[in-house]
Structures are given as structure tokens and as C-alpha cells.
Amino acid sequence: MADKISLGLPLAKQKGANLPPSNLESKSKMTYKLNTFLNSLEIDPNSETEKHSLLDRDKCFTLAWLSFNPEKRTYKKLIEDCKLNSFERCEEIIQELIDLGILRSVR
């Protein structure tokens with residue numbers, strides 16, 4: 001009885017520690033797909049070098065991180081290493097680098 005509190009549920013369930021398996025599976029699949037895309041990116045050796053002067057700090061750090069981490073990339077690690085604010089900021093930076101023709105997906 002000590003592991004229950006006012007709602008009558010085990011502590012772990014009240015804190016959200018045990019998500020339903022379907023939520024865990026779909027989250028895991030989504031994370032896998034996103035990280036697979038991240039791992040499919042490469043620097044385009046044919047990009048126009050004058051566009052490189054348009055890069056701000058976040059884009060430079062992200063580009064360098066992608067260059068120095070060619071395998072086993074994860075958005076979590078990218079956010080931590082480049083000190084980016086959010087997943088959305090990562091997506092924005094990567095899309096801008098693709099739009100500039102500096103990055104491309106090889107899948």
C-alpha cells in the first residue's frame with residue numbers, strides 16, 4: 001500500500017514513467033526515422049562557396065558537427081554539442097543548409 005498515493009495508482013504510472021507500448025513504439029519509430037534522415041546527410045562538394053559566407057554561428061556549428069560526426073548521428077547529440085535550443089531549430093538549420101545547396105541527402 002506504500003507505493004500508492006491519493007489516486008490509487010502506482011507512483012510510476014502517475015509520473016508517466018510507463019507509457020502505453022503503442023506510444024513508445026511510435027515514438028521509437030519516429031526517432032529512428034529522424035535519425036536515419038540525419039545520417040543520410042552529407043556536405044555537397046559541388047556547393048557554391050560564396051554561399052558559405054551566409055552562414056551564422058548555428059549553421060557553422062551544425063555543418064562542422066555533421067562533418068566531424070559522419071555516423072551514428074542523433075538529433076539529441078546535435079542539440080547538445082551545438083548548444084541549439086530545440087529540435088525545431090535543428091530542423092530549421094538543416095533545411096536552410098539544404099536550401100543553400102551545402103547539404104544533400106544521399107538516400
Side-chain angles (χ1 to χ4, degrees):
M1 201 66 158
D3 68 335
K4 301 192 185 226
I5 59 173
S6 62
L7 296 176
L9 299 172
L11 288 173
K13 289 192 181 203
Q14 287 188 8
K15 293 180 181 177
N18 295 327
L19 296 173
S22 61
N23 287 349
L24 287 175
E25 289 171 13
S26 62
K27 184 177 180 182
S28 178
K29 286 179 186 177
M30 179 60 79
T31 301
Y32 175 78
K33 286 181 182 181
L34 291 170
N35 290 333
T36 299
F37 173 71
L38 190 61
N39 282 297
S40 76
L41 296 173
E42 71 176 16
I43 297 170
D44 186 348
N46 300 318
S47 66
E48 299 173 28
T49 55
E50 61 272 3
K51 290 184 178 179
H52 296 199
S53 64
L54 302 172
L55 302 180
D56 60 17
R57 177 217 176 268
D58 288 348
K59 289 184 192 82
C60 285
F61 274 61
T62 300
L63 194 57
W65 185 87
L66 290 168
S67 176
F68 287 111
N69 296 283
E71 300 176 339
K72 299 180 182 177
R73 298 173 182 154
T74 65
Y75 278 97
K76 180 181 178 189
K77 190 75 172 141
L78 174 60
I79 290 169
E80 290 171 2
D81 290 352
C82 295
K83 296 182 177 29
L84 302 174
N85 297 332
S86 65
F87 171 76
E88 290 77 17
R89 181 67 180 136
C90 287
E91 284 186 312
E92 180 183 316
I93 291 168
I94 289 170
Q95 187 58 54
E96 289 173 8
L97 290 169
I98 291 170
D99 292 346
L100 288 169
I102 297 171
L103 284 182
R104 65 181 179 190
S105 177
V106 293
R107 58 173 167 154

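Position 1 is the first residue of the sequence; numbering continues from there.
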Might you point out which heavy atoms bring C82 and R57 nearest each other, and give the distance in Å?
-> O-NH1, 3.3 Å

Do the non-hydrogen side-chain atoms of L66 and L38 ever get within less than 4.5 Å of each other?
-> yes

All side-chain hydrogen bond (donor to acceptor under 3.5 Å, both in side chains) counterparts of S105, not counting sequence neighbours = S40

Co-membership, hydrophobic cluster, residues F87 and L97, 4.5 Å side-chain = yes

Locate the shortest heavy-atom distance separating C60 from L55; write the atom from each residue and the value.
-> SG-CB, 3.7 Å

From K29 atom NZ to T36 atom OG1, the distance as rounded to the nearest 0.5 Å = 13.5 Å

Shortest non-hydrogen pair, G101 vs D44, comes out as O-CB, 3.5 Å

Compare all side-chain heavy atoms of L34 with those of M30 and state whether any distance is below 4.5 angstrom.
-> yes

E91: partners by salt bridge (charged side-chain N to carboxylate O under 4.0 Å, His left out), with sequence neighbours left out | none

With rounding to the nearest 0.5 Å, note down the distance linking CG in L100 to NZ in K59.
-> 7.0 Å

How many angstroms lie between CZ in F61 and CG in L84, if you round to the nearest 0.5 Å?
-> 9.5 Å

Any side-chain heavy-atom pair of L103 and I43 under 4.5 Å = yes

Can you run down the side chain to side chain donor-acceptor pair (under 3.5 Å) pairs that involve residues 60-76, sequence neighbours left out, and say none if there aren't any?
-> W65-D81

For L78 and C90, which heavy atoms make the closest approach, and how far apart are they?
-> CD2-SG, 3.8 Å

